[in-house]
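Just so you know, these numbers come straight off a predicted model, no measurement behind them. In what follows, chains carry the letters A, B, and so on, assigned in the order in which the sequence lines appear, proteins first and then strands, with residues in each chain numbered from 1. Excluded from the calculations below are hydrogen atoms, water molecules and symmetry mates; all remaining heavy atoms, backbone and side chain alike, are included.
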There are 2 protein chains.
Amino acid sequence: MTQYSIAIVDDHQIVSEAIAGLINAMPQFNVLYEVRNGRELVNKFSGKKNIPDLVLLDINMPIMNGFETGAWLQEHYPEVPFVALTMNDDDESIIKMLRLGAKGYLIKDIDSDELLVALDEVFKKGFYYTDLVTSKLLHNLGEKKPAVKELDLKEKEMEFIKLVCTEMTYREIAEAMYVSPKTVDGYRDALFQKLDVKNRIGLVMFAIKNGWVEV
Amino acid sequence: MTQYSIAIVDDHQIVSEAIAGLINAMPQFNVLYEVRNGRELVNKFSGKKNIPDLVLLDINMPIMNGFETGAWLQEHYPEVPFVALTMNDDDESIIKMLRLGAKGYLIKDIDSDELLVALDEVFKKGFYYTDLVTSKLLHNLGEKKPAVKELDLKEKEMEFIKLVCTEMTYREIAEAMYVSPKTVDGYRDALFQKLDVKNRIGLVMFAIKNGWVEV
DNA sequence: ATAAAAAACAGGAAAAACACCCTTTTAAAA
DNA sequence: TTTTAAAAGGGTGTTTTTCCTGTTTTTTAT
């Protein structure tokens with residue numbers, strides 16, 4: 001039977017050891033080593049040996065956190081899957097980790113059974129996301145968005161913002177919209193106030209946040 | 001034991017009957033009725049009776065398709081969960097259904113076991129998404145983008161771009177980076193050429209495209 | 001038809017952004 | 001240590017943006 005080796009990256013020694021105990025208790029897994037942060041993991045790896053079959057990754061760590069570590073892994077060892085195991089249950093952390101290529105995301109209050117199931121599934125199917133993650137990211141797609149504010153933007157203003165995002169000058173935008181440059185000034189001034197931004201950059205960022213323009 | 005009643009909406013009679021057979025074989029479920037499209041479902045509902053505990057919804061149907069039906073359900077009977085059961089495995093269909101509030105998404109080539117597990121989970125946890133869906137939407141977040149070009153941007157230039165995205169002026173950016181405004185001019189000029197953009201807006205759009213800044 | 005409101009437009013000034021060419025400082029290599 | 005390349009800093013002028021205070025035109029409501 002194949003035995004998979006696992007590296008644990010967690011700055012809390014107690015947690016790290018507890019997890020290691022759980023994993024080592026299973027015949028199909030063994031803990032290759034435990035380290036306290038990403039930097040230590042990188043040092044282990046750089047020896048060209050000590051490459052585990054999977055990395056369990058905490059997020060909040062000193063020196064080199066889970067995001068940086070995940071990015072480093074994806075960059076240098078894309079064939080080594082990593083799974084987040086963290087207390088962070090906020091959307092931002094989850095999405096960030098998945099974008100970095102995490103093959104799984106576990107919240108630290110899972111029971112030991114789920115941890116082992118998760119590891120199994122990652123090796124078998126290539127991924128495992130705990131219910132909270134699935135719920136947050138898939139189920140919440142259907143949520144009505146809070147809509148930052150009740151902004152009633154005019155058609156013209158929407159069109160204007162989209163054109164701003166295309167690197168056009170106001171003169172060019174005016175031509176494109178068949179209005180005077182001074183009118184365009186008006187659109188801009190109104191939007192600066194409505195959206196509470198200081199310059200064109202703010203308009204662009206706002207437009208993208210709200211999905212008004214393709215990125 | 002509570003028995004849950006289920007409505008099946010599918011224009012393929014064979015498929016519909018097969019599914020009904022599977023469901024009726026389980027003691028905890030029963031098929032309340034089968035209809036051939038969304039319009040027929042609406043007619044059933046409008047009688048104020050015949051409200052099932054869950055709706056199994058195909059997408060490709062004549063007269064009133066699965067999307068329209070899902071939207072109608074979410075609008076008029078948000079308390080009745082609906083689960084897509086369809087051959088459509090494309091991202092657009094999946095996302096569209098989830099946005100409409102589908103509590104689950106199943107591809108028609110699943111085995112009968114998974115169908116029953118899925119129904120169980122929806123009643124127990126509130127949602128169930130088949131692996132393909134999870135994989136597509138979560139796993140694919142981590143896909144590497146085509147990477148427009150091999151750009152070797154300096155650390156300073158990255159930092160500079162990020163600051164540009166915060167609505168700072170170049171003077172402010174210079175202060176934040178502890179360099180002269182003229183040096184910042186240099187970063188900008190170099191980046192304009194490297195990234196082939198005309199102004200600050202181009203930098204922002206580029207940075208966002210490549211995920212260098214949070215949106 | 002007329003008053004009120006909204007949109008379009010204007011002038012001008014100050015600040016910021018952009019372009020171009022050039023010098024000094026720093027860091028790396030020979 | 002000398003040579004070289006890269007990074008940082010500088011001068012100057014043009015264009016664009018931003019921020020005012022207005023006026024004219026168009027729409028809307030009464």
Please check if the side chain of [X] supplies one atom and the backbone of [Y] the other of a donor-acceptor pair under 3.5 Å.
X: A:Glu40; Y: A:Arg36; value: yes
X: A:Glu68; Y: A:Asn65; value: yes
X: B:Asp53; Y: B:Ser5; value: yes

Query - Counterpart residues, salt bridge (charged side-chain N to carboxylate O under 4.0 Å, His left out), relative to B:Asp185 (two or more places apart) - result: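 If we apply the salt bridge (charged side-chain N to carboxylate O under 4.0 Å, His left out) test to B:Asp185, skipping adjacent residues, the hits are B:Lys182, B:Arg188.
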
Using side chain to side chain contact (heavy atoms under 4.5 Å, CB included) as the criterion, list what pairs up with [X], not counting sequence neighbours.
X: A:Met87; value: A:Lys108
X: A:Asp11; value: A:Asp58, A:Met61, A:Pro62
X: A:Asp109; value: A:Ile107
X: A:Glu114; value: A:Leu106, A:Ile110, A:Asp111, A:Tyr128, A:Thr130

Report task. May I have all residue pairs that pass ring-ring contact (aromatic ring centres under 6.0 Å, His included) and include part of residues 63-99 of chain B, sequence neighbours excluded? Result ->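 Listed once each, the pairs are B:Phe45-B:Trp72, B:Phe45-B:Tyr77, B:Trp72-B:His76, B:Trp72-B:Tyr77.
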
Query raised in the report: Where do B:Ser93 and B:Asp90 land on the side-chain hydrogen bond (donor to acceptor under 3.5 Å, both in side chains) test, with the steps shown first?
Result: CA-CA 6 Å; B:Ser93 293; B:Asp90 57 296; 2.9 Å; yes

Requested in this report: Using chain B heavy atoms and a threshold of under 4.0 Å, write down where along DNA chain D the contacts begin and end, 5' to 3'.
Outcome: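 Result: D:dA7 to D:dT12.
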
Query - Axis-to-axis angle between the two ends of the helix from C:dA1-D:dT30 to C:dA30-D:dT1 (five base pairs per end, rounded to 10 degrees) - result: 40°

Query raised in the report: Could you run down nucleotides 6-13 of chain C 5' to 3' and tag each one B, S or - for protein heavy-atom contact under 4.0 Å?
Result: -SSBBBB-

Requested in this report: Would you classify B:Arg200 as touching base, sugar-phosphate or nothing, given that sugar-phosphate means primed atoms plus P, OP1 and OP2, and contacts are heavy atoms under 4.0 Å?
Outcome: sugar-phosphate

Report summary line: The side chain to side chain donor-acceptor pair (under 3.5 Å) partners of A:Gln13 (sequence neighbours excluded) come to A:Glu17

**Report entry** ring pair (Phe, Tyr, Trp, His ring centres under 6.0 Å) involving A:Tyr4 - partner list, sequence neighbours excluded
**Finding:**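 A:Phe123.
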
Query raised in the report: Between residues 165-176 of chain B and DNA chain C, which residues have a heavy-atom gap below 4.0 Å?
Result: B:Thr169, B:Tyr170, B:Arg171

**Report entry** Spacing between B:Phe192 atom CZ and C:dC20 atom C1', to the nearest angstrom
**Finding:**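 Whole-Å distance recorded here is 14 Å.
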
Report task. Looking only at non-hydrogen atoms, find the nearest pair between B:Val179 and B:Tyr187 and report the distance. Result -> CG1-OH, 4.3 Å

